[in-house]
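These notes concern the structure reproduced below.
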Amino acid sequence: MNIPKITISPRPNVGKALLAGGAVLLIVAALLAWSYDSTILGDLSISGNPAPLQEFAIVMGVVGLIEAALVHRRLTSLSWWDTTSSARALAVGTLVYIVLIDYNIAYQSGGVINLDPGAWLALVGALVMVAGSFLLAPVKVTNQLKVHGANWLEIVVITATLAALLFMVAFILRGDDGGSVLAALAAGGTFGVLLFRGGFFTWLSVAAARHRPVIMLGALVVALLFPLTQNGTDANMSIAVDIAIFLCAALGLNIVVGLAGLLDLGYIAFLGTGAYVGAMMSSAASATIGWHPPFLVVALLGALTSAVLGLIIGSPTLRLSGDYLAIVTLAFGEIFHTAVNNMDGTNGPDLTHGPNGIAGIPDLNLFGFNFGSTHNLGSFTISNYSNYYILLVLVAALIITIFSRLNNSRIGRGWIAIREDERAAEAMGVNIFGLKILAFAGGAFLAGLAGTIQAHATPSVVPDNYTFQESSFLLAAVVLGGMGTVVGVALGATVLKLLPEKLRFIEDYRLLIFGLALVLMMRFRPEGLIASRRRQLEFHDEDENLADIVQEEHVDEQKANA
Amino acid sequence: MSTATRRPRDTEFASGKGEVLLQASDVLMQFGGLTAVKDVNMTVHEGEIVGLIGPNGAGKTTFFNCLTGLYKPTSGEVRLAGEQIPPKPRKVVKAGMARTFQNIRLFGNMTALENVMVGTYCRTTSGVLTTVLRGPKFHREEKETRAKAQELLDFVGLGHTTELLARNLPYGDQRRLEVARALATDPKVVLLDEPTAGMNPQETQQASDLIFRIRDTGRAVVVIEHDMRFIFNLCDRVLCLVRGEVLVEGSPEQVQSDPRVIEAYIGTGDDDDFDDDDVQEGPA
Ligand SMILES: Nc1ncnc2c1ncn2[C@@H]1O[C@H](COP(=O)(O)OP(=O)(O)OP(=O)(O)O)[C@@H](O)[C@H]1O
Ligand SMILES: [Mg+2]
């Protein structure tokens, strides 16, 4: 993520002029045709009628102009904004974005020769912007943590950020070819890094803490409104449901890994346990248990079964050192997979129908509300999958609430103490074993709960949904996103589940890419994309500077709360 | 240059006349062929300060580990207020004995206040349901915990460090924070393992003062130290441990003048720590 420090002597005025000039070129370019072929990347062929991807380029140009205007830093209210770093991020991101698009056009239409003038002009504009941004002088910024706007303004800004995020996700979901999705990702990434470099997210982290309840509610509303962006179609909603299930599981795993610091390599088996309980007790023709209680009872049973399994595995293992847990959970995941694959009546009870799984599970019916049918909300249609999506978002909200309440409590402090120094924690009277088993079985409980919903939301429950690979993806979502933070894990889960769906061409290289991403992350940012401050410290134990920053932030936060 | 002076007792606890709080009988600790602690007997009364001295490797820390359940003694028994202590650190704390560590073991990435709050863990009861549902009990207990932790920080003189990360505190403050954390467990007996190691004379003076104040709250204190002047000014009774065995036990005056003690120190080449001049006149 680090943009290399270039040590050319700064020429602010030249830099400013180049940045602005490049931005203007970019905007002009966006109004021209980039390709003669209207089928590429959603029609970039009409001059004067910018396609969405060209609109992004216009936004980048406009932001470039704004940055150029801010270079002399006369606006004291923005003295915290790092113009130079953010302008560089913007310029480099824009260049990557344009190169991606140009490459795509050239690739699809048979050669660089087929790029229309607009595409060339955009490239030149981006290059000029890069040159200009690196001539800007480094700036001294005021502490972003101390920025304190009017309450309403802060809430508006944060809400706008959330809305922009929703828009980006919806846009990526709408993309139907790999090229568009990749370009949209590059655009999103550019804006993200721009804000990060400018110092916006540093401010956001404290400001969000100031308005926590409002933000949580806002995020929930945004997530619940998402189906409305889909015009009642199910194509994307089924992906969204998959993501939501994956997210619920990742959030549960986050309690185990992120809070208690336990490495669980077979977590998907707990989701599977819930799903199988849900399927076996559903009223499907192939259900194997004759008793069909209402769903709420089934959900509770599924969660409890999962938790009991967690207790059985956890109680002997959690008394030993951490490595044993990893080994045992790994084995448990495999045993689960093998067991459900074989409980088909040949060698034991016919509970799961073996590899065929339990199919034809009917839609949920909660208090007379049928999840299988569409509902109308004014002029909007809420489809089949949207129903499940909304339920799952509520479950995720529940898990997040449990997570944060546990985190900020006696129990949460106990978990941190265990992660910091297990022996010292024990010598101070913390119930190590009790807290570990609580996290482990509690995590299993939540995964089981999510599993019972999954049974109804997906067409069938089969063993191959619950393999080690799934467990490792869950863990990757938690680790990449940021252990111990809700936002990070939500981001990790969404990215990890969404990208393979949308970028079909990476399907074969999926494992390779994730492996690589993990290795790179471990090297450069082991605390994850969005890290909790404490986790960041744990991973950078020798970094005294960071410790000071964190402390300052913490003191500020306390003041803000007081 | 201040020299710690024996402070008169200002409480009802007359020297050594309180009830017996801690009784270790014939504690033996062997690691394979090595006997680290050999048949040590120690009795500690309410409101008493007992010192434990001895050259490096004498087995002082190991003895503490046996008392606090970190090690299970090979044989012998430890009674706290009449009850045999359970061989689990957590249960020992619950029974009323807390300790600090020779090499500081704070939770570095937690704030000073949070560190002390962890100490109250065994005296609070909010469970999962209370925590998740955030009932009135949760808020009451959380508030009490916070207030108690702050009070303890003030007590050890760290009232200004509440929101600072433990790792950012200066060395001397970290030692005091460990004491506050131990006190948060509401102990009857406090075990301090070299509480003034690495402190300057002024901080050492403050540490004696702090230990007296802990004693004045009715607790018993057992202190391991190499700083003889500190120990002899502080303690009501001193045990000298050599090669795992109690060599001498008695009042500071008795131990101080016992030739065997001096010899034990000089014999191990550890004469920096025990020097008669040092004891009487302060550091050179
Ligand atoms: N877990 C263990 N396994 C093996 N030997 C041990 C163990 N713990 C302590 N010992 C040994 O027991 C002896 C006593 O060590 P201990 O740490 O108790 O000494 P000490 O009196 O605290 O010394 P110091 O003044 O240096 O702190 C040493 O020889 C040490 O090597
Ligand atoms: Mg020692």
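To find a chain, count down the sequence lines: A is the first, B the second, and so on, and within it residues start at 1. Worth saying up front: this structure is predicted, and the values here are computed from it rather than measured.
Rounding to the nearest 0.5 angstrom, the gap separating the CG atom in B:Leu106 from the CD atom in A:Glu420 is 10.0 Å. For the atom pair B:Thr130 OG1 and A:Ile411 CD1, the distance stands at 8.0 Å (nearest 0.5 Å).
Comparing B:Leu164, B:Val92, B:Thr185, B:Leu133 by heavy-atom pairs within less than 4.5 Å of chain A, the highest count is held by B:Leu164. When B:Ser126, B:Cys122, B:Gly119 are compared by the number of non-hydrogen pairs under 4.5 Å with chain A, B:Ser126 comes out ahead. Of the residues considered (B:Arg181, B:Met117, B:Arg167, B:Glu142), B:Arg167 shows the highest number of contacts with chain A, using heavy-atom pairs under 4.5 Å. The candidate with the highest count of non-hydrogen atom pairs below 4.5 Å against chain A, out of B:Thr145, B:Thr68, B:Thr111, is B:Thr111. Among the candidates A:Ile402, A:Leu406, A:Thr401, A:Ile432, the residue making the largest number of heavy-atom pairs closer than 4.5 Å to chain B is A:Leu406.
The two residues A:Met428 and B:Phe101 make their nearest non-hydrogen contact at CE-CE1, 4.5 Å. Minimum heavy-atom separation, B:Tyr121 to A:Arg410: O-NH2, 3.0 Å. In terms of heavy atoms, B:Val93 sits closest to A:Glu426 at CG2-O, 4.5 Å. Across all non-hydrogen atoms, the minimal contact from A:Ser409 to B:Phe138 is CB-CE1, 3.7 Å. Taking each heavy atom of B:Arg105 and A:Ala424 in turn, the nearest pair found is O-CB, 3.6 Å. Residues B:Leu70 and A:Ala427 share a closest heavy-atom pair of CD1-CB, 4.5 Å.
If you measure heavy-atom distances from A:Leu438 to chain B, the contacts under 4.5 Å come from the side chain alone. Using a 4.5 Å cut-off between heavy atoms, A:Ile418 does not touch chain B at all. When heavy atoms are compared at a cutoff of 4.5 Å, B:Thr131 approaches chain A by way of both its backbone and its side chain. With a 4.5 angstrom heavy-atom cutoff, B:Thr125 touches chain A only via backbone atoms.
You'll find the side chain of B:Thr120 stays beyond 4.5 Å of the side chain of A:Arg413, heavy atoms only. You'll find the side chain of B:Pro89 stays beyond 4.5 Å of the side chain of A:Arg423, heavy atoms only.
Remark: B:Lys137 NZ is packed, more than 12 non-hydrogen atoms of other residues, nucleotides or ligands lying under 6.0 Å away. The number of heavy atoms from other shown groups lying within 6.0 Å of OH (A:Tyr324) does not exceed 12.
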Legend entry - Stepwise side chain to side chain contact (heavy atoms under 4.5 Å, CB included) test for B:Lys94 and A:Asn431: CA-CA 11 Å; B:Lys94 183 114 199 193; A:Asn431 185 351; over 6 Å; no
